[in-house]
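Report on the following structure.
One-based numbering along the sequence shown.
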Amino acid sequence: MSPVQGQPLLELDRVSRAYGEEVVVYALREVSLAIRAGDFMAIIGPSGSGKSTMLGLLGVLDLPSDGVIRIDGVDVGGLDDAGRSKMRGESIGFVFQQFHLIPHLSAQGNVETALLYRNLSRKERTDRARAALERVGLGARTDHRPVQMSGGEQQRVAIARAIVTDPLLVLADEPTGALDTTNAAKVMEIFESLRSPERAIVMVTHDLAVADHAERRVSMLDGRIVADDIRLPA
C-alpha cells in the first residue's frame with residue numbers, strides 16, 4: 001500500500017477508549033492526531049497517561065469506544081477482523097521493548113516470519129530478510145540464534161523484522177527500555193537512518209533522552225494530548 005499524496009498515513013479523529021460497564025474509566029478521551037509520511041515522532045507521558053492505549057489503537061491492536069481511526073484514508077472500524085489483520089500486516093511494523101524473537105530460529109528466520117503469508121518465493125523471502133539485516137548492521141549474523149546475540153543485536157533483529165515488509169508506519173514501544181546506554185544509542189541511530197519521505201516512525205517512550213531524537217514530540221496526560229511540538233533533534 002502506498003500513501004495518497006497529502007493524506008495522513010494514520011489519523012485518530014476524536015478517539016476515546018473507555019473500559020468498564022458499571023464504572024466507566026477513560027484511558028483516552030477525544031484524542032485527535034494525524035501522522036504523516038516523514039514524521040519522526042515520540043509519544044511521551046507519565047505512567048497512566050494513555051501512551052499504551054494510544055499504541056494499541058495506532059497499531060490497530062484495539063478499536064476505539066468512540067471516534068474514527070483511518071489508515072491511508074480507510075476507516076479501520078469498518079473492517080472485519082481479517083481485514084484489520086491484513087491492514088496491520090501491510091501497513092505497520094512493530095518493535096517492542098521485549099524483542100519477541102523465536103528462540104529456535106536464526107536471525108534470518110525470525111525476520112522471514114513477517115513475510116510468510118505474502119505469496120513470496122523462498123528466495124524472495126531470503127533476499128528481503130538478508131537485506132533488512134544488512135540495513136541494521138547484522139549482515140554477518142544471519143545464521144545466529146537469539147541466544148547467540150547480545151540484547152542490542154536482538155533488538156536490531158526485531159527492527160529488521162519490522163521493516164522487512166516496507167511498512168508505512170513503524171511503531172516502537174520503549175525500543176531502548178531493555179538496553180544499556182551504548183546499545184540504546186546504536187538502536188536510535190538505526191531509527192534515524194530509517195526515516196524517509198514515505199514512512200513515519202513513532203516511538204512510545206518515557207525516556208526523554210530517546211524522545212530528544214525525535215523531531216515531533218506528542219505529550220500525553222490523563223488520556224489527552226496536552227502538547228504536540230515540532231522541535232529540532234538533539
Side-chain angles (χ1 to χ4, degrees), residues 1-15 28 31-45 51 53-64 67-79 83-96 111 114-115 118 128 131-132 134-136 156 158-176 187-205 210-220 225 227-234:
M1 181 182 295
S2 58
V4 176
Q5 188 67 30
Q7 181 172 272
L9 298 183
L10 194 151
E11 185 177 18
L12 305 184
D13 186 1
R14 297 178 64 84
V15 163
L28 285 184
V31 168
S32 294
L33 180 70
I35 299 172
R36 298 184 181 277
D39 274 348
F40 188 35
M41 176 191 297
I43 297 176
I44 63 172
K51 298 191 309 296
T53 302
M54 172 83 89
L55 182 76
L57 293 172
L58 291 175
V60 200
L61 300 169
D62 192 13
L63 289 174
V68 178
I69 300 174
R70 301 182 187 91
I71 294 181
D72 203 18
V74 177
D75 179 358
V76 300
L79 303 174
R84 287 195 297 274
S85 293
K86 184 173 186 291
M87 174 77 76
R88 189 164 53 241
E90 290 180 346
S91 302
I92 301 171
F94 293 92
V95 180
F96 300 99
V111 175
L115 300 172
R118 290 179 171 260
R128 289 179 62 166
E134 287 279 0
R135 188 163 184 185
V136 300
R156 283 189 274 163
I159 294 171
R161 181 181 57 195
I163 64 172
V164 73
T165 58
D166 196 25
L168 298 180
L169 176 69
V170 174
L171 283 180
D173 182 16
E174 300 286 2
T176 63
V187 164
M188 290 313 303
E189 287 176 6
I190 290 170
F191 276 116
E192 291 180 357
S193 75
L194 296 177
R195 300 174 60 189
S196 79
E198 296 80 30
R199 176 186 294 125
I201 297 173
V202 178
M203 304 177 294
V204 175
T205 184
V210 171
D212 279 344
H213 287 267
E215 289 184 351
R216 184 179 175 190
R217 180 187 286 188
V218 172
S219 302
M220 299 192 67
I225 292 175
D228 186 350
D229 302 314
I230 304 296
R231 56 196 305 277
L232 293 176

### Message
To check you understand the geometry: which heavy-atom pair defines the closest contact between Arg70 and Val68, and what is its length?
### Response
CG-CG1, 3.8 Å

### Query
Do Ser32 side-chain atoms and Arg14 backbone N/O form a donor-acceptor pair below 3.5 Å?
yes

### Nearest heavy atoms of Pro64 and Leu57, plus distance in Å
N-CD2, 3.6 Å

### Query
If we only count heavy atoms from C-beta on, is the Val76 to Leu63 side-chain gap below 4.5 Å?
yes

### Distance, nearest 0.5 Å, that separates CD1 of Ile190 from CD1 of Ile159
5.0 Å

### Task
Kindly determine whether Leu169 and Leu171 satisfy side chain to side chain contact (heavy atoms under 4.5 Å, CB included), including the steps that lead there.
CA-CA 6 Å; Leu169 176 69; Leu171 283 180; 4.0 Å; yes

### Message
Tell me whether Lys51 contacts the main-chain N or O of Val204 through its side chain, where contact means a donor paired with an acceptor under 3.5 Å.
### Response
no

### Query
Do Ile44 and Ser219 come close enough that some side-chain heavy atom pair is under 4.5 Å?
yes

### Task
Kindly indicate, with the supporting measurements, whether the criterion side chain to side chain contact (heavy atoms under 4.5 Å, CB included) is fulfilled by Leu168 and Glu198.
CA-CA 7 Å; Leu168 298 180; Glu198 296 80 30; over 6 Å; no

### Query
Any ion pair linking Glu215 and Arg195 (charged N to carboxylate O, less than 4.0 Å)?
yes

### Message
Do Met41 and Ile35 make a side-chain contact, defined as non-hydrogen atoms from C-beta onward lying under 4.5 Å apart?
### Response
yes

### Message
side chain to side chain contact (heavy atoms under 4.5 Å, CB included) for Leu12 and Leu10? Distances and angles first, verdict last.
### Response
CA-CA 7 Å; Leu12 305 184; Leu10 194 151; 4.1 Å; yes

### Nearest non-hydrogen partners of Phe40 and Glu192, listed with the distance
CE2-CG, 3.8 Å

### Query
Pro175 and Val187: which non-hydrogen atoms are nearest, and at how many Å?
O-CG1, 4.4 Å

### Task
Determine the minimum heavy-atom distance between Ser91 and Pro167, stating which atoms define it.
O-CB, 3.5 Å

### Summary
Minimal heavy-atom distance between Val95 and Ala162, with the atoms involved, is CG2-CB, 3.7 Å

### Query
How about Arg135 and Leu194: do any of their side-chain heavy atoms sit closer than 4.5 Å?
yes

### Message
Any carboxylate oxygen within less than 4.0 angstrom of a Lys/Arg side-chain nitrogen, looking at Asp39 and Arg216?
### Response
yes

### Query
What's the spacing between Thr205 OG1 and Glu174 CD if we round to 0.5 Å?
4.0 Å

#### Entry: Ile69 side chain reached by Glu11 side chain, heavy atoms, under 4.5 Å
no

### Message
Out of the candidates His213, Met188, Met203, only one should pair with Thr176 under the side-chain contact (heavy atoms from CB on, under 4.5 Å) rule; please name it.
### Response
Met188

### Message
If you define the side chain from C-beta out and look only at heavy atoms, does anything of Glu90 sit under 4.5 Å from Thr165?
### Response
no

### Spacing of CD1 belonging to Ile163 relative to OG belonging to Ser193, to within rounding of 0.5 Å
7.5 Å

#### Entry: Under-4.0 Å salt bridge between Asp166 and Arg199
yes

### Task
Under the side chain to side chain contact (heavy atoms under 4.5 Å, CB included) rule, what do Met220 and Met54 come out as? Steps first, then yes or no, please.
CA-CA 10 Å; Met220 299 192 67; Met54 172 83 89; 3.7 Å; yes

### Query
Do Phe94 and Leu61 have side chains that get closer than 4.5 Å, going by heavy atoms?
yes

### Message
So, applying side-chain contact (heavy atoms from CB on, under 4.5 Å) with Val202, which one of Ile92, Val170, Ile43 is it?
### Response
Ile43

### Message
Looking at Arg118, I'd like to know if its CZ atom is crowded, meaning that more than 12 non-hydrogen atoms belonging to other residues, nucleotides or ligands lie closer than 6.0 Å.
### Response
yes

